[in-house]
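Every chain is numbered from 1 and lettered A, B, ... according to where its sequence line falls, protein lines coming before strand lines.
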2 protein chains.
Amino acid sequence: MFHARGYDAVGVADLTAALDIKPPSLYAAYGSKLGLFERALQSYVETDFLPVGEILATDADPARALTNLFVAAARHYTRNPERRGCMITEAMRADDAEAAAVASAFGERGSKIIHDYIVAHASPEAVDRILDYVLVNLRGLSSFACLGHTAEKLVGCSEVAGGALKAEFAASAAG
Amino acid sequence: MFHARGYDAVGVADLTAALDIKPPSLYAAYGSKLGLFERALQSYVETDFLPVGEILATDADPARALTNLFVAAARHYTRNPERRGCMITEAMRADDAEAAAVASAFGERGSKIIHDYIVAHASPEAVDRILDYVLVNLRGLSSFACLGHTAEKLVGCSEVAGGALKAEFAASAAG
DNA sequence: GGGAATTTTTAGCGATCACTAAATAAGAGC
DNA sequence: GCTCTTATTTAGTGATCGCTAAAAATTCCC
């Protein structure tokens, strides 16, 4: 439910109804709504998170590998109609500051994998802007998936996005 | 306030306190919280919306013009610490479905301007994917601005994003 | 089976949500 | 100044929010 509707739009009443328990049981088990949310994020990371490392290993060419990441994200974020977008990325924008902070901490892990990959393949002064570009694009893809756009559409613009990476890594190799 | 915190996180109590009136006055003037929100969006469009048409007219080269749009967005979305990101783009993701729908209607206007510009400069089969790419990027930029990222960072990845446009419009011109 | 520990529920809590009927105050016209 | 109209406030409404003290039910161990 948190994935489908975000932290703020899901109330304890919704959660207890879905779990078929009463509020004190939820609090006994998870401590708070936020505690349950953290558990849900953890579970998402373990079971449904985009396998970034694996995808980046699919091609020796960094531009192609990162484009594959975009395409995989586009497909991943649209594959389940009940759970569109990236739960973590979307939760980073929760109205509740604590929920947003928790999600950001989880998000840092994925970003680090991508960062390390880019460090290993680009010239030092290009690393930050490539990383930012990749993260901004993933953010946009997740959001568009949530808004209901099709996989086809998102894959299409992911391929376009790959063009920028080609140029950047070519410049890094030449520099 | 709606810009800074979104529709859902701002309550009628916050609004009446800021306007120094009591709730029935707000309802007398605007009909509902949503009514006030629409007015705020309208005001935003008239006073603070990215001047898309003007920016696209800054360069005869479409790739450069659209890159200028990204750069302008990056600067625009970060210029006021109290009002980060694009109010309309962010409101499209409101928890309240009516608020989100109203914001989407406003968003269509900006998208149409960009769409028409791309139709005039790209080959027909590339139009949709370029447009989607541009919109996904703008979405990501707005979101990152809201998350507190610097103008510098966002301008940097906007320039990277422009690389993809160069490739696309070169292909369109060749095709 | 009985007692203690654990789990779950009942029955709320104080706060906030968007909104409103009725009363009061302010403004306009004579 | 008086009366009528308009604007604003007072004093709530019913619903939902995240959460909890106390009571009841269930489980575990002897």
Just call it for K33(A): base, sugar-phosphate, or nothing, with non-hydrogen atoms closer than 4.0 Å on any strand.
sugar-phosphate
On a heavy-atom basis, which atom in D8(B) and which in D96(B) lie closest, and how many Å separate them?
OD1-N, 3.1 Å
Heavy-atom closest pair (P81(A) atom, R79(A) atom, distance to 0.1 Å) is CD-O, 3.6 Å
What's the closest nucleotide to the side chain of [X] if the choices are [options]?
X: P24(A); options: dT20(D), dC19(C), dG18(D); result: dT20(D)
X: A13(B); options: dC17(C), dT9(C), dT8(C); result: dC17(C)
X: S32(B); options: dT9(D), dC19(C), dT8(C); result: dC19(C)

Between atom [atom1] in [X] and atom [atom2] in [N], what is the gap in whole Å?
X: D20(B); N: dT8(D); atom1: CG; atom2: C1'; result: 12 Å
X: I21(B); N: dT10(D); atom1: CD1; atom2: P; result: 13 Å
X: D14(B); N: dA18(C); atom1: CG; atom2: C1'; result: 12 Å
X: L36(B); N: dC19(C); atom1: CG; atom2: C1'; result: 14 Å
X: Y30(B); N: dA7(D); atom1: OH; atom2: P; result: 14 Å
X: Y7(B); N: dC17(C); atom1: OH; atom2: P; result: 12 Å
X: L26(A); N: dT20(D); atom1: CG; atom2: C1'; result: 13 Å
X: K22(A); N: dT6(C); atom1: NZ; atom2: C1'; result: 20 Å

Taking 4.0 Å as the cut-off, does a side-chain nitrogen or oxygen of Y27(B) come that near to OP1 or OP2 on dC19(C)?
yes
Is there a side-chain polar atom (N or O) of S25(A) under 4.0 Å from OP1 or OP2 of dT9(C)?
yes
Consider ring-ring contact (aromatic ring centres under 6.0 Å, His included). Of F106(B), F2(B), Y44(B), which one does F37(B) pass it with?
F2(B)
Under 3.5 Å, is there a donor-acceptor pair linking the side chains of S143(B) and R139(A)?
yes
Would the number of heavy atoms belonging to other residues, nucleotides or ligands and lying under 6.0 Å from CZ of R109(B) be above 12?
yes
